[in-house]
2 protein chains.
Amino acid sequence: MTANISDVARRAHVSVATVSRVLNDNYPVAAPTRERVEEAVRDLGYVANAHARALITATSGTVGVLLHDVSDPYFAEIVRGIQEVADEAGRLLVLCSSLRDPSREIAYIKMLRGQRVDAVILTSGYIEDDEFVVALQEQARGLRAQGSRLVLCGGYPIRAPAVAPDNAGGAFRVTRELLQVGHVRIAHLAGPPRFSTTEDRLRGYQGALASFGLEPEPELIVTGDFTRQGGYDACLKLIDSRAQFSAIFAANDIMAIGVLAALRERGLEVPRDISLVGFDDIPISRDLTPPLTTVAVPMAEIGRRAMQLALCQPPPEDSVTRLPTQLVRRSSVAPVRGAESAELAPAR
Amino acid sequence: MTANISDVARRAHVSVATVSRVLNDNYPVAAPTRERVEEAVRDLGYVANAHARALITATSGTVGVLLHDVSDPYFAEIVRGIQEVADEAGRLLVLCSSLRDPSREIAYIKMLRGQRVDAVILTSGYIEDDEFVVALQEQARGLRAQGSRLVLCGGYPIRAPAVAPDNAGGAFRVTRELLQVGHVRIAHLAGPPRFSTTEDRLRGYQGALASFGLEPEPELIVTGDFTRQGGYDACLKLIDSRAQFSAIFAANDIMAIGVLAALRERGLEVPRDISLVGFDDIPISRDLTPPLTTVAVPMAEIGRRAMQLALCQPPPEDSVTRLPTQLVRRSSVAPVRGAESAELAPAR
DNA sequence: CTGAAAGCGCTAACAA
DNA sequence: TTGTTAGCGCTTTCAG
């Protein structure tokens with residue numbers, strides 16, 4: 001069916017070893033011989049079988065990437081960064097959407113181990129689930145035993161090289177941004193439970209409140225699932241709870257988009273009636289109305305670094321590279337109105 | 001290092017053949033034997049080497065996907081659809097960003113051929129470039145010779161199974177939508193040259209004008225590169241050219257976002273001063289201000305269908321599955337003002 | 001139901 | 001500089 005190396009050898013009147021040498025260019029071969037081989041390769045449209053090669057070299061030139069979903073801009077940006085350096089290094093990427101399902105995550109890692117990937121990069125965010133952590137640790141060990149490795153994007157309770165944004169710091173700063181212009185009753189639309197991202201951003205929010213001598217109020221913390229719909233629903237729930245607040249800090253920009261829609265639907269204007277901030281600075285955030293004040297997370301850079309950790313020789317230490325986040329001021333925040341700021345509630 | 005099949009066999013006191021049989025569950029094995037093997041597998045953390053398997057079976061359980069860039073929502077949605085059915089079928093996806101570079105595209109296909117992928121799905125859009133077409137045809141042949149196949153998303157002058165949206169029809173309808181409310185001078189922000197998508201949408205635009213007895217005016221057709229920046233730049237260029245127009249049809253939603261920004265910057269309001277329509281209906285389009293009237297392309301469905309074509313047995317015919325597009329009316333279109341509509345120009 | 005053995009296509013000693 | 005050959009880890013006849 002498909003030409004193999006001995007077909008090429010026969011056609012070029014050389015041995016398979018010689019063909020292998022010109023293909024890999026890792027051994028001296030006489031110029032005329034090389035040409036004959038190259039011609040045979042061309043004539044036959046020969047492409048070396050990567051599996052046979054991988055079987056011997058025990059590496060595949062392939063890196064596995066686990067993410068939530070490519071259509072989530074946050075992950076898409078990370079993948080873009082990963083792609084960039086994969087491309088430079090001549091590596092292929094195997095992408096797996098786990099949809100935040102821990103068991104699926106483990107199943108994928110096993111498949112990737114079977115593929116003898118050079119590394120697997122986990123981006124989906126730690127799931128605080130003991131069973132999962134144990135399984136993950138086991139997979140990390142298995143990977144290492146294969147001469148591969150696990151690289152983490154984000155905070156995981158696992159010993160492995162990692163790169164993670166300063167979520168808590170960013171959340172702290174963006175919350176203070178709200179506090180500094182007089183907001184006191186700031187609602188937080190948190191991410192799904194058990195994710196390090198959720199926890200870290202929540203912690204930053206609480207820290208900022210505390211730095212202003214404020215107690216976090218449970219009824220002002222609502223949970224979403226990092227989707228537009230989740231943000232929309234949570235915001236409506238918040239409004240309908242009749243809790244008082246003058247600002248909302250959404251744990252990611254996508255939920256902020258849902259909030260914007262919900263608020264508009266209820267006749268509330270941002271930032272006139274309610275101030276709103278997000279997190280991530282996904283590309284669209286600048287184009288929202290109003291342009292969203294948020295915290296920039298260097299997603300592509302996280303991807304790039306992760307891929308570097310995945311490929312670098314010798315293997316990196318099991319330490320986390322913390323990347324700074326940055327407050328991006330746009331137009332979705334306004335000073336709280338009037339002197340009775342603390343009492344201000346959304347109009348109904 | 002890593003356990004292999006004979007380690008498992010030894011530990012379970014059986015032959016490698018038996019291990020293989022329980023692993024693949026394609027042959028009768030006595031229950032107690034099977035259990036011993038399964039236990040050994042568990043104890044050793046054994047994962048079968050997919051390369052060794054691929055070497056024999058000549059299939060890899062892997063499908064290659066070529067796209068422009070994951071961080072482009074259009075492609076991200078297609079990939080999401082592809083992922084869905086890949087997952088159901090237990091297939092792994094190898095993703096390659098070609099960034100619309102034809103030579104990179106060919107290089108990737110070669111790598112994927114080496115990986116013995118079960119199929120490669122091309123989504124990046126046809127590049128009208130003879131050299132490329134010849135090379136692509138050659139790769140398609142090579143793929144077929146391997147028992148693999150090429151599947152196309154979009155219009156290509158290549159004989160292969162394909163699934164493509166009705167771009168021309170959608171462009172026709174959305175342009176008519178503008179014409180019907182009195183717009184006569186409609187600018188078109190076309191995509192990059194040599195892409196079938198660009199050509200088809202342009203054709204639909206021209207067809208709609210013709211159906212109203214209008215001649216397309218060259219100065220109203222500007223080219224962008226399907227990015228926000230491209231849309232922004234093109235729109236500014238259009239305004240500065242002092243050409244007269246009351247509406248803009250952007251060849252994709254992302255460029256429409258750039259147009260929105262450019263228009264706002266010049267103090268032009270949509271749809272009061274200028275009506276705007278896009279194409280694709282990417283998820284964010286409903287959240288723009290104003291919500292964008294556009295043409296919905298079933299991106300995820302394209303991906304799903306493409307993957308089905310990639311996997312189905314027996315191999316599909318070399319025919320294109322045309323998927324309908326649908327006009328989505330939102331709020332970025334208004335009737336042209338006054339009676340002198342044809343003469344209306346954007347305020348300066 | 002289980003085992004022995006022949007490769008799949010390639011690389012990497014080892015010879016020549 | 002080139003050729004010969006022994007596997008890499010697995011599946012799959014073919015025997016038993």
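Below, read A as the first sequence line, B as the second, and so on, with proteins coming before strands; counting in each chain starts at 1. These values consider heavy atoms only, across backbone and side chains, with no hydrogens, waters or symmetry-generated copies.
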Expressed as a whole number of angstroms, how long is the span from [X]:[atom1] to [N]:[atom2]?
{"X": "Asn49(B)", "N": "dT11(D)", "atom1": "CG", "atom2": "P", "value": "10 Å"}
{"X": "Arg10(B)", "N": "dT2(C)", "atom1": "CZ", "atom2": "P", "value": "19 Å"}
{"X": "Asn24(B)", "N": "dT12(D)", "atom1": "CG", "atom2": "C1'", "value": "11 Å"}
{"X": "Ile5(A)", "N": "dA6(D)", "atom1": "CD1", "atom2": "C1'", "value": "15 Å"}
{"X": "Leu55(B)", "N": "dC10(D)", "atom1": "CG", "atom2": "P", "value": "12 Å"}
{"X": "Glu35(B)", "N": "dT2(C)", "atom1": "CD", "atom2": "P", "value": "12 Å"}
{"X": "Ile56(B)", "N": "dC8(C)", "atom1": "CD1", "atom2": "P", "value": "10 Å"}
{"X": "His13(B)", "N": "dG3(C)", "atom1": "NE2", "atom2": "P", "value": "12 Å"}

On DNA chain C, more 5' by nearest nucleotide between Asn26(A) and Tyr27(B) is Tyr27(B)
Closest nucleotide of DNA chain C for Leu23(A) versus for Thr18(B): which of these residues is on the 5' side? Thr18(B)
With a 4.0 Å limit, can you tell me whether [X] has a side-chain N or O closer than that to the phosphate oxygens OP1/OP2 of [N]?
{"X": "Thr33(B)", "N": "dT2(C)", "result": "yes"}
{"X": "Arg53(A)", "N": "dC10(C)", "result": "no"}
{"X": "Asn4(A)", "N": "dC8(C)", "result": "no"}

Test side chain to side chain contact (heavy atoms under 4.5 Å, CB included) on Ile82(B) and Leu93(B); report intermediate values, then the result. CA-CA 9 Å; Ile82(B) 292 176; Leu93(B) 247 40; 3.7 Å; yes
Nearest to the side chain of Ser20(B) - dT11(C), dG9(D), dT12(D)? dT12(D)
Counting any heavy atom closer than 4.0 Å, what does [X] reach on the DNA or RNA strands: base, sugar-phosphate only, or nothing?
{"X": "Ala48(A)", "answer": "sugar-phosphate"}
{"X": "Val14(A)", "answer": "sugar-phosphate"}
{"X": "Ala58(B)", "answer": "nothing"}
{"X": "Ala17(A)", "answer": "base"}

For dG3(D), does the base pair up with any side-chain atom of Arg21(A) as donor and acceptor (N or O, under 3.5 Å, distance only)?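 Answer yes: a donor N or O sits under 3.5 Å from an acceptor.
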Is there a side-chain contact between Ser15(A) and Thr18(A) (heavy atoms, below 4.5 Å)?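 Answer yes - side chains close enough.
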Salt bridge present between Asp87(B) and Arg104(A) (N-O < 4.0 angstrom): yes
Taking only Lys NZ, Arg NE, NH1 and NH2, and the carboxylate oxygens of Asp or Glu, determine whether Asp25(A) and Arg34(A) approach each other closer than 4.0 Å.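 Yes, this pair counts.
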Decide whether Ser124(A) and Glu105(A) meet the rule of one side-chain donor and one side-chain acceptor closer than 3.5 Å. yes
